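Quick note on labels: first sequence line is chain A, next is B, and so on, each numbered from 1. Computed from a predicted model, the values in this text were never measured in an experiment.
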Amino acid sequence: MREDYQPNELVGRDEEIQKYQAALQPVINGEQPNNIFLYGKTGVGKTAVTRYLLSHLAEDASQYEDLELHLTFLNCDGLTSSYQIATRLVNEFRDETAQISSTGYPRATVYEMLWKELDAIGGTNLIVLDEVDHVEDDSILYQLPRARANNKVSGAKIGIIGISNDFSFRDDLSPKVKSSLCEQEIHFPAYDAGDLQKILEQRRDVAFRDGVLNDAVIRLCAAYGAKDAGDARQSIDLLMKAGDLAREEEAKTITENHVETGRHDLERGRIEEGIRGLTQHGHLVLYSLLTLHLQDGTPVRSRDIRPRYTSFAQRAGRDPLVPRRMRDHLSELVMLGLVSVTERNEGRRGGTYREYSLAMNVELVLSALDEVVDEVGIHESIHSLVTDDIFRDS
DNA sequence: CGTCCACAGGAATATAAGGTTC
DNA sequence: GAACCTTATATTCCTGTGGACG
């Protein structure tokens, strides 16, 4: 059930696998490898297929004496710049004793180190950059594939495999990067409910005892996954969560009820996770919107959130941020799915503006904030103020 | 049909906090 | 400790824009 579980048969990805294999063929021939770009929504098997194919490739390669293949996986989640990718790669290649820090060096120095490591390793290097869309500049994507051509590296052949959830990322690449990184492109379409069901059945056979898990439950999990953009990861997580719940209460079978509760729990977890990652000002903006929501003041435009936010900020002993920045925090809340937004336009009378409202159950958000308050400190007074507000209301 | 409102959101720049090297 | 590096967060300045109004 875990992320790293690798089924020995991948459902519904035959076509993609075939294309992928063809794209990898040069590696076996000992030629300069293709750069490959994979795209498709989250949880449609991009990473799973990559791991599957590359482990087989490594096996095949080991049978040839003169074929030296090195695989490097790097998930770029949380890495925002080429610089960070480069330092992480250097650290991948170096051993524990010679790790470098993630800031401080001039950019060129880091690249130098990287070339040196690659040269030392030699052979064919396939570097998998998972979730490359998280990096905001494409310098490394330009440098790596050309390291050999630019005589930075002589001993190693380098191939990049870029994986992205976001197709617009490809369009935003500079043309020179696009042409080299996207030599071979493979698109992974979303799973439909039927595919998801097969995937879940496959997991059932290895992870659950017979009779514990019935078809209706599987169908339900698959349906939820299909609803949210054909995401297999999500369906599996949901099934796993339902299983955990059933085990906790020592139930004999997993029921639809467990799935519903599991969904709720996972949702809550996501919210908590999102809120945890916000800055204090992000929290203050959220509190502002929350209280306005409680007073039926939503939907609300940003300038009407501002006074509330300003007073909260002062109460918390913080200088309130400038409106432009406050809007950034609002957008961030929208991206987390905590807040929903509608664009409005009243022409000459009111111009264009956006109206924000809370997209989540108030208690859920508040209890998630509750968890975070202790960690972050600072705004207990506001938290209790808001909590009191609820009491006054009810 | 052009004007013009009020905000959206891009871009350049600043600041502080983390690091390196010499 | 000075000089120089990246990064996250915030500020400042700005151009873009959809549609109601006249």
Side-chain angles (χ1 to χ4, degrees), chain A residues 74 76-91 94 97-117 131-143 166 168-169 171-174 273-289 292 297-310 312-314 316-336 339-357 372 375-379:
Chain A
L74 182 62
C76 306
D77 187 20
L79 309 179
T80 54
S81 67
S82 290
Y83 186 93
Q84 290 172 326
I85 306 281
T87 56
R88 288 291 285 272
L89 283 175
V90 170
N91 283 336
R94 290 194 175 180
T97 59
Q99 300 279 297
I100 62 172
S101 90
S102 59
T103 54
Y105 308 98
R107 173 194 296 248
T109 309
V110 178
Y111 281 142
E112 284 307 319
M113 294 188 224
L114 183 54
W115 308 144
K116 223 165 144 191
E117 295 304 324
E131 310 194 49
V132 264
D133 43 325
H134 287 110
V135 340
E136 279 156 17
D137 71 283
D138 50 17
S139 137
I140 188 93
L141 300 178
Y142 177 69
Q143 295 289 342
D166 179 6
S168 68
F169 172 76
D171 295 327
D172 293 341
L173 291 172
S174 65
E273 205 50 39
I275 288 179
R276 203 183 299 276
L278 295 173
T279 52
Q280 282 172 18
H281 284 292
H283 294 150
L284 293 173
V285 173
L286 183 55
Y287 276 120
S288 310
L289 200 68
L292 288 167
T298 52
V300 57
R301 53 157 78 189
S302 69
R303 73 162 173 214
D304 295 330
I305 300 176
R306 192 130 220 297
R308 176 69 48 100
Y309 158 75
T310 312
F312 278 175
Q314 275 157 2
R318 288 278 179 277
D319 289 337
L321 298 175
V322 104
R324 174 71 183 88
R325 186 64 184 143
M326 197 189 81
R327 292 205 304 268
D328 278 345
H329 279 115
L330 279 168
S331 315
E332 203 170 334
L333 294 177
V334 173
M335 268 200 292
L336 286 172
V339 167
S340 63
V341 67
T342 24
E343 220 127 316
R344 309 254 290 147
N345 191 336
E346 295 187 23
R348 208 171 178 177
R349 185 149 43 92
T352 36
Y353 59 94
R354 305 168 88 199
E355 280 188 330
Y356 300 90
S357 44
V372 181
E375 293 169 39
V376 187
I378 309 295
H379 46 253

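Here Arg354(A) pairs with Glu343(A) in a salt bridge; the nearest charged N to carboxylate O distance falls below 4.0 Å.
In this structure, the CZ atom of Arg107(A) is 19 Å from the P atom of dT20(B), given to the nearest Å. With rounding to whole Å, Glu136(A) atom CD is found 13 Å from dT9(C) atom C1'. Tyr111(A) has its OH atom 11 Å from the P atom of dT6(C), to the nearest Å. Between the NE2 atom of His283(A) and the P atom of dT9(C) there is a distance of 12 Å, rounded to whole Å. Taking atom CG of Asn345(A) as the reference point, atom C1' of dG9(B) lies 16 Å away to the nearest angstrom. In this entry the distance linking CZ of Arg318(A) with P of dT9(C) reads 14 Å, nearest Å. The interatomic distance linking Met326(A) (CE) with dT12(C) (P) rounds to 16 Å, in whole Å. Between the CE atom of Met335(A) and the P atom of dG9(B) there is a distance of 11 Å, rounded to whole Å.
At the phosphate of dC7(B), OP1 or OP2 sits under 4.0 Å from a side-chain N or O atom of Arg301(A). Regarding contacts with the backbone of dT9(C), every side-chain N or O of His329(A) stays at 4.0 angstrom or more from both OP1 and OP2. Here Arg348(A) does not reach the OP1 or OP2 of dT3(B): none of its side-chain N or O atoms lies under 4.0 Å away. Residue Arg303(A) places at least one side-chain N or O closer than 4.0 Å to OP1 or OP2 of dC7(B). Taking side-chain N and O atoms only, Tyr356(A) has a distance below 4.0 Å to OP1 or OP2 of dA8(B). Between dG22(C) and Arg349(A), no contact under 4.0 Å exists linking OP1 or OP2 to a side-chain N or O.
Residue-to-nucleotide contacts include a donor-acceptor pair under 3.5 Å from the side chain of Arg324(A) to the base of dG10(B).
For CG of Asp319(A), the number of neighbouring non-hydrogen atoms (other residues, nucleotides, ligands) closer than 6.0 Å is 12 at most.
For Asp304(A) against Leu292(A), the heavy-atom pair with the smallest separation is O-CD1, 4.2 Å. In terms of heavy atoms, Ala86(A) sits closest to Tyr111(A) at CB-CE2, 4.0 Å. Minimum heavy-atom separation, Pro299(A) to Ser357(A): CA-CB, 4.1 Å.
Heavy atoms of Thr352(A) sit under 4.0 angstrom from at least one base atom. Residue contacts for Arg354(A): at a heavy-atom cut-off of 4.0 Å it reaches the sugar-phosphate backbone alone, with no base atom in range. In this structure, Glu343(A) reaches neither bases nor backbone, as no heavy-atom distance under 4.0 Å exists between it and the strands shown. The residue Thr109(A) sits apart from the nucleic acid: no heavy atom pair falls under 4.0 Å.
Two residues, Tyr105(A) and Gly350(A), neighbour DNA chain B, and the one matched to the more 5' nucleotide by heavy-atom proximity is Gly350(A). Comparing Ser102(A) and Ser302(A) along DNA chain B, the residue whose closest nucleotide (by nearest heavy atom) sits nearer the 5' end is Ser302(A).
When the nucleotides dC7(B), dT7(C), dA11(B) are ranked by their closest atom to the side chain of Tyr353(A), dC7(B) comes out on top. Between dT6(C), dT12(C), dA8(C), one nucleotide has an atom nearer to the side chain of Thr103(A) than all others, and that is dT6(C). Closest to the side chain of Leu321(A), from the set dA10(C), dT20(B), dT7(C), is dA10(C). Listed nucleotides dA8(B), dA10(C), dC5(C) differ in distance to Pro106(A); the shortest reach to its side chain belongs to dC5(C).
Using cut-offs of 30° and 60° for the angle between ring planes, the Phe312(A) and Tyr287(A) rings count as perpendicular.
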